[in-house]
Amino acid sequence: MLDYLALGILVFAVVTVFYGVIVIHDIPYAIAEKRQHPHSDAIHVAGWISLLTLHVLWPFLWIWATLYRPDRGWGFSKQSSQASVQTDQLEMQISALVARLEALESRAGDDAPAVEGGV
């Protein structure tokens, strides 16, 4: 009787681990689907290939899936409106500081006595 119980527990454990590994390897694909990733099918296939390569690819798939976001894409080509407003403000501050620096330099140049010769 205990032999059958042990066999049942062993079969249950093997099946649970098998399906657990499959579910874990589908996490990058689920992330890609949620974020409407343009390469979600490739991520899904690479997840299955990762099972055959002893899970070496899996961390890279996770990174690949999380890089894309629907609101900003890959994050390299578009700036959010808040970032562009902040950039415009910084550019205005820099131009104001340059104008003040030039005014101070011209004023200091007028007030400084001419020094003849070297040190």
In the single-linkage hydrophobic clustering (I, L, V, M, F, W, Y; side-chain heavy atoms under 4.5 Å), do Val45 and Leu57 co-cluster?
-> yes
Drop me the distance from Ile43's CD1 to Ile27's CD1, to the nearest 0.5 angstrom.
-> 13.5 Å
Hphob cluster co-occupancy, Val17 + Val14, side-chain heavy atoms under 4.5 angstrom = no
Which residue pairs satisfy the side chain to side chain donor-acceptor pair (under 3.5 Å) criterion with at least one member in residues 6-27, sequence neighbours excluded?
-> His25-His55
Please go through Ile94's hydrophobic cluster and name the other residues, only I, L, V, M, F, W, Y counting, with side-chain heavy atoms under 4.5 Å joining them.
-> Val98
Just jot down the salt bridge (Lys or Arg N to Asp or Glu O under 4.0 Å) partners of Arg69, sequence neighbours excluded, or say none.
-> Asp71
In terms of hydrophobic clustering (I, L, V, M, F, W, Y; side-chain heavy atoms under 4.5 Å; direct or indirect links), are Ile24 and Ile63 co-clustered?
-> no
Using a side-chain heavy atom cutoff under 4.5 Å and only I, L, V, M, F, W and Y, what cluster partners does Ile9 have?
-> Leu2, Leu5
Side-chain heavy-atom pair Ile22, Trp48 within 4.5 angstrom cut-off | yes
Measure the spacing between CG of Leu101 and CG of Leu97 and express it to the nearest 0.5 Å.
-> 8.5 Å
Distance-only donor-acceptor hits, side chain of residues 30-37, under 3.5 Å, sequence neighbours excluded:
from: Glu33; atom 1: OE2; to: Tyr29; atom 2: OH; distance (Å): 3.4
from: Glu33; atom 1: OE2; to: Ser40; atom 2: OG; distance (Å): 3.0
from: Arg35; atom 1: NH1; to: Thr66; atom 2: O; distance (Å): 2.8
from: Arg35; atom 1: NH1; to: Tyr68; atom 2: O; distance (Å): 3.3
from: His37; atom 1: ND1; to: His39; atom 2: N; distance (Å): 2.9
from: His37; atom 1: NE2; to: Trp64; atom 2: O; distance (Å): 3.0

Taken in chain and number order and not counting sequence neighbours, the residues that satisfy side chain to side chain contact (heavy atoms under 4.5 Å, CB included) with Val23 are none
Minimum heavy-atom distance between Thr53 and Val56, given as atom pair plus value | O-CG2, 3.2 Å
Check the hydrophobic clustering (I, L, V, M, F, W, Y; side-chain heavy atoms under 4.5 Å; chains of links allowed) and say if Met92 and Leu90 are grouped together.
-> no
